[in-house]
**Student:** 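Here's a structure for you.
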Amino acid sequence: MKDMDKSFKKDTETEFPLREEMRPHQVTAPDGQVIDIDPLQDYFCQEPPKVHAKSYFKIVEDFYNWARAHSLWILGFGTGCGAIEMRPLMTPRFDAYRYGIQWRPTPRQANLLVISGYLSVKTLKRAIRAYEQMPAPKYVVGLGSCTINGGMYWDSYNTINKFDEFLPVDLYITGCMPRPEVLMAGVLELKKKIKEGRADGANRYVENFEWYKANQKRVIKNWNMPDYNW
Amino acid sequence: MFEPTPQVDLSSGKYLKLWQGPQHPGITGNMALELTTMGDEIVDCKTHVGYLHRGFEKLMERRTFIQNFPIVCRIAVPEPTFNEYLYAAVVEELTGIESPERAEWIRTLNLELMRLASYLMWLGGIGAAFGQGTVYQWTVTHRDYILDLFEEMTGARVYHMYIVPGGVRGRLPEGFEERCNDVLNRVEKLLFDVEKVLFNNFVFKKRTKGLGVIAPEMVDQYGITGPNQRAAGFVRDLRRDAPYLVYDQLEFDVITATESDAYARSWVRYQEMHQGIRMLRQCLERTPREGPFQARMPNVLHWEVPAGETYVKAECTRGEYGYYMVTDGSEYVRRVHVRGPSYTHAIALMEKLAVGTNIADTAGLMVSLHTYPPEIER
Amino acid sequence: MTFEWIQIPYALLTVFIILNYGMIMTAIMQKIGARVGGRYGIPVWQNYIDLVKNWALRTKITHGVMFYLGPVFRLTGGLGLILFVPTIYGSVMHQNFSYSGDLILALYFIFFGTLGMALGAGESGHPHSAIGVSRGLAQVTAAELPLALAVFSISLQYQTLNITEIVAAQQGSIFNWTLFTNPLAVIAAMFGFVGTMMRSPFDVVLAPQEIPIGPPTEYHSAYLALMQTNRVIFPIAKTIIYMNLFFGGATGWGAFAVKVFALYFVTVFIGVVHPRFRVEQSIRFFLKWGLPVGILAIMAV
Amino acid sequence: MSTATDLLERFGTNYRISEVNEQKADLTFFKVPKDQAVRLLRELRDDAGYTHLAFLTNIDYIERGIFTLNYMLHNYDTRHTLGMHVDLDRDNAEMESIHNMWAQAATYQRELREMYGIRFPGSPRLDDDFCLEGWDQIPPMRKEFDTAAFSLARFYSRDGRGTEDPREHMKQQLYPTHTDDAPEGGN
């Protein structure tokens with residue numbers, strides 16, 4: 001990149017300003033009580049994540065894994081164009097409900113984050129937050145060639161190229177765009193992985209927490225959230 | 001006309017700031033609405049886009065003309081064909097290539113099929129936005145039948161890359177007419193079912209009538225086009241006003257309504273699906289079976305388009321879709337601007353219409369405007 | 001009725017049977033709904049797997065004491081409803097803790113779970129929960145009005161507040177059912193029934209599009225498992241009350257299964273073909289249509 | 001076409017209109033100086049029936065050191081489209097805002113501010129992020145911004161992606177004997 005004069009650059013030396021409602025402020029309740037609020041402190045739990053051990057007995061863990069594999073709840077977050085082929089997946093033609101797959105609208109109840117296609121930097125930030133809010137045995141599937149190496153947008157200034165640097169990916173599904181059959185095959189593959197106990201992305205994420213955070217912060221410049229979003 | 005948003009004192013404790021999206025089932029695609037609510041009523045709405053920004057216009061500036069052709073269809077995901085056609089048309093106009101008549105017919109067929117598929121998706125969307133999941137299941141499946149036709153015709157379900165500058169990539173396969181007619185009959189049957197279940201349903205009427213009324217004088221101020229405009233009583237349709245391809249040889253009606261609320265917009269789109277089927281039947285009948293489907297092209301590997309600029313537009317499902325291209329005589333394009341109708345529908349118009357409605361209606365209002373985020377930010 | 005210790009295992013057995021019945025039946029209902037859309041639908045044992053999976057999740061985050069107690073209250077509402085309502089008429093084993101004023105207690109328990117949920121969801125601090133809760137309370141209150149009037153009507157009709165006696169009065173012939181002896185009350189009560197079953201067109205509380213799923217937004221893992229358990233028990237319990245009050249009760253598990261299925265199916269049937277009302281629209285609907293019918297029912301008696 | 005010529009004759013007396021280019025029957029491009037642009041836009045909208053602003057965009061002529069704004073107006077009655085060009089100084093790009101004339105113009109101006117760094121004083125929410133968030137480089141649509149280099153530097157690229165010059169590649173495919181290191185018998 002050529003070095004241009006600074007006049008057009010946005011001011012990065014000073015911090016990116018926080019949104020108004022994210023700054024510490026006072027709120028007057030309807031009954032007149034004044035409450036001090038520091039959103040970044042109060043709304044989040046600052047506790048670092050920890051590694052969750054497996055169940056003590058192998059047979060119990062296997063049973064749990066079997067249940068997890070047959071009850072995959074996908075977070076309804078269409079991050080890219082792959083989302084358009086997720087709809088046939090859930091409708092009569094392919095009907096993924098047969099395999100215990102269903103949409104959940106909130107990250108708290110979802111186990112599977114499907115990154116459907118290219119991720120712009122702005123979405124990456126939301127995807128990270130959504131991922132961190134999901135409860136622990138959680139799986140990530142990258143859809144389409146754009147999550148693998150950038151695909152068509154390898155030279156775009158706003159889409160990331162290598163998704164597994166930012167979140168622990170369990171499975172990639174190739175194609176642009178992947179057909180519903182491929183999605184189905186990918187999900188079945190993921191099930192196999194879960195049943196064998198190899199899909200432990202949540203623990204991998206915690207173990208390499210610093211590395212992931214460093215990568216994320218390198219790309220996301222206005223990091224106005226805590227390091228781990230519960 | 002731009003109206004300043006009301007100044008809301010968030011610290012008064014009366015208001016609640018609510019984000020609808022980007023991770024939210026009630027939003028079309030990946031975008032966000034920042035709602036300030038008081039009770040159940042929205043007092044301020046801000047649209048946030050950019051979650052799907054890929055910098056297409058920049059990417060196209062550093063690709064040759066033929067390299068651009070496979071990426072343009074990715075601009076608007078549910079309706080890639082319009083991008084292909086407009087890109088082809090804009091290049092053809094600048095280079096002076098004329099695509100043969102057979103290709104024009106096949107292109108029209110392709111575009112109308114795409115329109116039908118896109119509307120089917122939207123019909124499911126409006127059903128789902130008001131809690132009618134059954135319609136969603138039906139329409140998405142029928143859309144799938146159309147995607148099958150596309151697969152047969154072009155080899156791909158979603159991104160066809162079929163309409164190339166100078167014509168189309170192939171002829172129609174053997175027996176395509178019968179299969180297409182079969183699908184059209186099925187879709188038509190479905191539409192009558194949907195009319196019974198959705199448009200005659202008293203709950204749906206109660207929810208949508210009077211929701212998000214666009215006053216006629218707003219249409220030009222906000223740059224509203226397409227069915228949103230026709231539902232406000234304007235008889236404007238690019239297919240009739242500035243015929244491109246073979247639309248001047250097809251018979252169809254321009255559907256309008258006067259109420260201009262969510263129900264009228266839905267009804268206009270529903271009627272347009274019937275018109276689409278009518279046009280598709282004509283296309284199937286009249287598409288020439290013989291003749292070239294591609295014009296003679298220069299060597300595309302070093303294809304230098306003469307300097308010039310032009311703007312080509314077409315009527316897509318949401319309104320005026322246009323490509324503006326400036327070339328400077330080199331192998332690379334100087335500037336491409338893609339005009340997507342959602343640009344104004346989802347931002348300026350949505351911010352205006354959402355104020356004063358119920359939080360529960362946001363999703364329905366959004367869908368009734370028929371916006372696709374990827375064409376906003378490209 | 002006197003209390004005996006053997007009633008406790010008997011009641012637990014009832015709960016167990018109802019739990020399993022509910023698991024299978026709700027799955028079948030989902031399958032029916034899916035068939036309308038043209039899908040094959042979930043496997044019938046899917047509910048069990050989901051339950052196990054939710055118990056097996058490793059992360060459990062709390063937002064405070066009330067957050068814990070929310071699902072507990074909710075489940076208490078469902079269980080309490082079953083425990084104090086006679087499930088099978090004439091059976092000693094499934095009589096549960098029915099006593100002379102159990103109708104009043106049942107009405108209370110129908111509302112109890114919603115209130116408990118409101119407290120728990122409010123504690124979670126998520127705006128969607130808060131909105132969902134306010135919608136839910138408003139709508140349930142409005143939907144309960146016709147039901148309460150219908151209950152007044154039939155307690156006037158039968159001169160008792162004991163569900164067992166009401167069921168006893170309906171035995172003999174199908175035309176002894178309240179459905180035929182007091183149709184107005186049944187119509188009023190069905191308003192309340194459809195309105196509180198959280199299905200279209202009255203499910204804006206849990207609607208994913210209007211607001212992402214309302215009160216349970218923050219609930220996950222074991223909390224969600226508790227709520228899932230309740231979600232299969234509570235509708236059955238509610239259906240049992242309706243069955244007892246208006247449709248002649250059940251004299252055996254066979255009749256029970258058929259009647260509950262049929263009643264539950266009414267809501268599914270309405271649900272698959274209707275979009276959902278906004279909350280103030282549904283309140284208006286209940287006040288406009290449900291309330292007059294309820295008042296008429298009382299006047300008719 | 002008579003509409004375009006009539007129109008330009010009508011406004012040509014009061015405005016310095018230049019570089020008229022009738023691209024096709026219903027599309028005409030012309031250029032006006034920066035200080036007259038908004039006044040002409042207002043007149044076109046109110047008196048000449050060009051009520052629809054299709055879009056507003058910008059073309060970067062880096063070699064001449066100018067930005068060219070393009071206002072695309074449409075007249076629904078005559079079905080004629082006008083493209084109005086306005087040249088701006090590239091290093092100090094500033095333009096009068098038209099957010100009071102068309103509601104969607106504010107969004108276009110926000111986009112131009114972000115993508116090219118053009119200032120539109122008075123336009124609402126101008127400095128809010130539009131598409132980019134936390135952008136710390138020069139505005140990306142400016143020609144001097146090299147998106148491929150930026151992408152390689154910031155987003156880790158995976159090994160194994162080969163870029164082939166299509167011309168070389170096709171030459172190798174079509175005329176394998178002409179290349180020096182052609183495989184034996186390859187075609």
Side-chain angles (χ1 to χ4, degrees), chain A residues 39 42-45 47 49-55 60-73 75-77 88-112 132-138 194 200 202-203 206 228-230, chain C residues 27 30-64 67 71 121 124-129 132 206-228 231:
Chain A
D42 299 354
Y43 296 174
F44 299 101
C45 170
E47 197 186 345
K50 55 177 187 286
V51 177
H52 292 277
K54 285 182 179 174
S55 186
V60 177
E61 183 66 23
D62 283 353
F63 176 59
Y64 282 172
N65 278 336
W66 173 82
R68 284 167 193 153
H70 283 90
S71 162
L72 280 175
W73 291 2
L75 179 65
F77 185 13
L89 189 68
M90 310 310 279
T91 46
R93 194 74 178 285
F94 299 96
D95 192 17
Y97 287 91
R98 288 176 297 160
Y99 302 104
I101 295 167
Q102 51 172 294
W103 288 109
R104 296 310 289 187
T106 123
R108 289 280 189 228
Q109 299 175 3
N111 315 113
L112 175 58
E132 291 177 349
Q133 286 180 19
M134 282 160 46
K138 45 191 168 185
I194 296 171
D200 56 345
N203 285 346
V206 176
Y228 196 78
N229 302 278
W230 283 99
Chain C
Q30 280 205 38
K31 260 179 117 72
I32 292 174
R35 286 292 162 87
V36 176
R39 280 191 292 114
Y40 180 77
I42 58 172
V44 281
W45 53 83
Q46 186 63 45
N47 280 338
Y48 291 100
I49 303 176
D50 287 349
L51 202 61
V52 171
K53 190 225 36 196
N54 275 331
W55 278 112
L57 285 182
R58 294 183 186 138
T59 316
K60 292 178 184 65
I61 306 155
T62 180
H63 294 272
F67 186 75
S124 74
H126 201 287
H128 293 155
S129 301
L206 296 172
Q209 325 283 339
E210 270 84 349
I211 202 82
I213 77 172
T217 308
E218 280 287 296
Y219 284 99
H220 56 282
S221 67
Y223 311 111
L224 189 65
L226 267 184
M227 290 174 61
Q228 272 185 309
R231 218 172 277 165

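The figures here come from the full heavy-atom set of this structure, side chains too, leaving out hydrogens, waters and symmetry mates. Reminder, nothing fancy here: chain letters follow the sequence lines and each chain counts from 1.
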**Student:** With a cut-off of under 6.0 Å to the ring centre and 45° to the axis, is A/Arg108 in cation-pi contact with C/Tyr219?
**Tutor:**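 Here A/Arg108 fails the 6.0 Å and 45° test against C/Tyr219.
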**Student:** With distance as the sole test, does A/Arg68 use its side chain to make a donor-acceptor pair with the main-chain N or O of C/Ala56 at under 3.5 Å?
**Tutor:**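 A pair under 3.5 Å: yes.
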**Student:** Looking at C/Gln46, C/Arg39, C/Lys31, which one forms a side-chain contact (heavy atoms from CB on, under 4.5 Å) with A/Tyr97?
**Tutor:**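 Among the candidates, only C/Arg39 passes.
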**Student:** Write down the atom of C/Gly37, the atom of A/Pro92, and the distance for their closest heavy-atom approach.
**Tutor:**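 Of all heavy-atom pairs spanning C/Gly37 and A/Pro92, the closest is O-CG, 3.2 Å.
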**Student:** Please classify the contact of C/Ile42 with chain A as side chain, backbone, both or neither, using a heavy-atom distance under 4.5 Å.
**Tutor:**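 Both the backbone and the side chain of C/Ile42 come within 4.5 Å of chain A.
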**Student:** Report yes if the side chains of C/Ile49 and A/Trp66 come closer than 4.5 Å at any heavy-atom pair, otherwise no.
**Tutor:**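 SC-SC contact between C/Ile49 and A/Trp66 confirmed.
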**Student:** What part of A/Asn65 lies closer than 4.5 angstrom to a heavy atom of chain C: side chain, backbone, both or neither?
**Tutor:**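 Contact with chain C: none, neither part.
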**Student:** State, to 0.1 Å, how close A/Asp95 and C/Gly41 come at their nearest heavy-atom pair, and which atoms those are.
**Tutor:**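 Taking every non-hydrogen atom into account, OD2-N, 3.1 Å.
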**Student:** Taking it one step at a time, do C/Asp50 and A/His70 satisfy side chain to side chain contact (heavy atoms under 4.5 Å, CB included)?
**Tutor:** CA-CA 8 Å; C/Asp50 287 349; A/His70 283 90; over 6 Å; no
**Student:** Looking at OG of A/Ser71 and CG of C/Asn54, how far apart are the two atoms once the value is rounded to the nearest 0.5 Å?
**Tutor:**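 CG of C/Asn54 is found 6.5 Å from OG of A/Ser71.
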**Student:** Below 4.5 Å, heavy-atom pairs only: which of A/Trp73, A/Tyr64, A/Phe63 has the largest tally toward chain C?
**Tutor:**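 When all of A/Trp73, A/Tyr64, A/Phe63 are compared, A/Trp73 has the most.
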**Student:** Side chain, backbone, both or neither: which part of A/Arg104 has an atom under 4.5 Å from a heavy atom of chain C?
**Tutor:**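 Only the side chain of A/Arg104 comes within 4.5 Å of chain C.
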**Student:** State, with a plain yes or no, whether a side-chain heavy atom of A/Asn111 is found less than 4.5 Å away from one of C/Lys53.
**Tutor:**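 With C-beta onward as the side chain, the pair touches.
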